[in-house]
Amino acid sequence: MTVIGITGPTGAGKTTALEVLAEMDFEIVDCDALYYQMLRTDEDLRQGLRDAFGEVFLPDGSLDRRALAQRVFSDERELAKLDGIVFPAMSAAVKQKIQKCSQKGLAIDAINLVESGMGELCAATVAVTASPAIRLKRIMARDGLTEEQARARIDAQKSTDWYRANCTFLLENQEEDREAFEALMRSFFQNLVAMINK
């Protein structure tokens, strides 16, 4: 079985890449969705967050995201503490999914693929990027944001150079046409899987 990690900034085309892998009989692990599920069901993770940050869960059991965000995003040490709890829990959960996977392969979709250590579970890591101008248009259309809001979101994310330095492959989406990008992705992933399984 082939494990491929997919990462990259918002608005670059990761969703299209993952759809192509799903067509190729890859199980897709959406780490955002997995994290939100674990926040409700993983008692070890929940207790770890309580031990580090106090009672961060609301009466209905959901995480008080606003309160936690205010605490960690203005303090690098607090953010590092949060990552130190969340990243190992996520890696362990993804390892379990890899062990149970019965499909041709598994793709890990994670914004923090490299930083979390999950990249080490992969035969290859692929960053899907695009120019800021293309991403700006996509984010505004997709999320209904103003140009200023979309630029702020782009500015808060890692640069293409960071992905180039930290991932096995970097794919820059220069295609205006989604079908052309899908065809490019299909060819790339077919060749990558063949190379990994040589």
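Residue numbers start at 1 and run along the sequence shown. Just so we're clear, the structure is a prediction, and the values are computed from it rather than from any experiment.
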For [X] against [Y], the heavy-atom pair lying closest together:
| X | Y | result |
| --- | --- | --- |
| I134 | A130 | CG2-CB, 4.2 Å |
| A127 | Y163 | CB-CB, 3.7 Å |
| I4 | V193 | CD1-CG2, 4.2 Å |
| S91 | L121 | O-CD1, 4.1 Å |
| T7 | C167 | CG2-SG, 3.8 Å |
| L45 | M38 | CD2-CB, 3.9 Å |

query = What side-chain hydrogen bond (donor to acceptor under 3.5 Å, both in side chains) pairs are there with at least one residue in residues 24-36, not counting sequence neighbours?
reply = D25-Q103

ask   = Are F26 and V126 in one and the same hydrophobic cluster, where Ile, Leu, Val, Met, Phe, Trp and Tyr link if side-chain heavy atoms are under 4.5 Å apart?
value = yes

ask   = When clusters are formed by joining ILVMFWY residues with side-chain heavy atoms under 4.5 Å apart, either directly or through shared neighbours, do M118 and L192 land in the same one?
value = no

key: Partner residues of A152 under the side-chain contact (heavy atoms from CB on, under 4.5 Å) criterion, sequence neighbours left out   = none

What I want to check is whether the side chains of [X] and [Y] have a donor and an acceptor closer together than 3.5 Å.
| X | Y | result |
| --- | --- | --- |
| T146 | R151 | no |
| S62 | D60 | yes |
| N173 | T129 | no |

ask   = For Q149 and I139, what are the C-alpha separation, side-chain angles and deciding distance, and is it a side-chain contact (heavy atoms from CB on, under 4.5 Å)?
value = CA-CA 9 Å; Q149 289 170 324; I139 294 167; over 6 Å; no

Should [X] and [Y] count as side-chain neighbours, where that means a heavy-atom distance under 4.5 Å?
| X | Y | value |
| --- | --- | --- |
| L34 | M90 | yes |
| T10 | R142 | yes |
| C31 | D109 | no |
| I108 | I6 | no |
| K137 | E147 | no |

Sub-3.5 Å donor-acceptor pair from the side chain of [X] to the main-chain atoms of [Y], do we have one?
| X | Y | value |
| --- | --- | --- |
| S187 | L184 | no |
| R40 | L63 | no |
| R138 | A12 | yes |
| R186 | V20 | no |

inquiry  = Per the salt bridge (Lys or Arg N to Asp or Glu O under 4.0 Å) rule, what does the pair list look like for residues 82-106, sequence neighbours excluded?
reply    = none

query = What salt bridge (Lys or Arg N to Asp or Glu O under 4.0 Å) pairs are there with at least one residue in residues 112-127, not counting sequence neighbours?
reply = E115-K158

Residues in side chain to side chain donor-acceptor pair (under 3.5 Å) with [X], at least two apart?
| X | value |
| --- | --- |
| D143 | R153 |
| N191 | none |
| T16 | R178 |
| S131 | none |

key: Residue list, salt bridge (charged side-chain N to carboxylate O under 4.0 Å, His left out) with R65, at least two apart or on another chain   = none

remark   = Residue set satisfying salt bridge (charged side-chain N to carboxylate O under 4.0 Å, His left out) with E148, at least two apart, ordered chain then number -> none

remark   = So the ring pair (Phe, Tyr, Trp, His ring centres under 6.0 Å) pairs with at least one residue in residues 37-86 (sequence neighbours excluded) are none

request  = Could you pull out all residues at least two apart from F188 that satisfy ring-ring contact (aromatic ring centres under 6.0 Å, His included)?
outcome  = F169

task = Under the side-chain contact (heavy atoms from CB on, under 4.5 Å) rule, what do L82 and L68 come out as? Steps first, then yes or no, please.
result = CA-CA 9 Å; L82 177 64; L68 186 59; 4.0 Å; yes

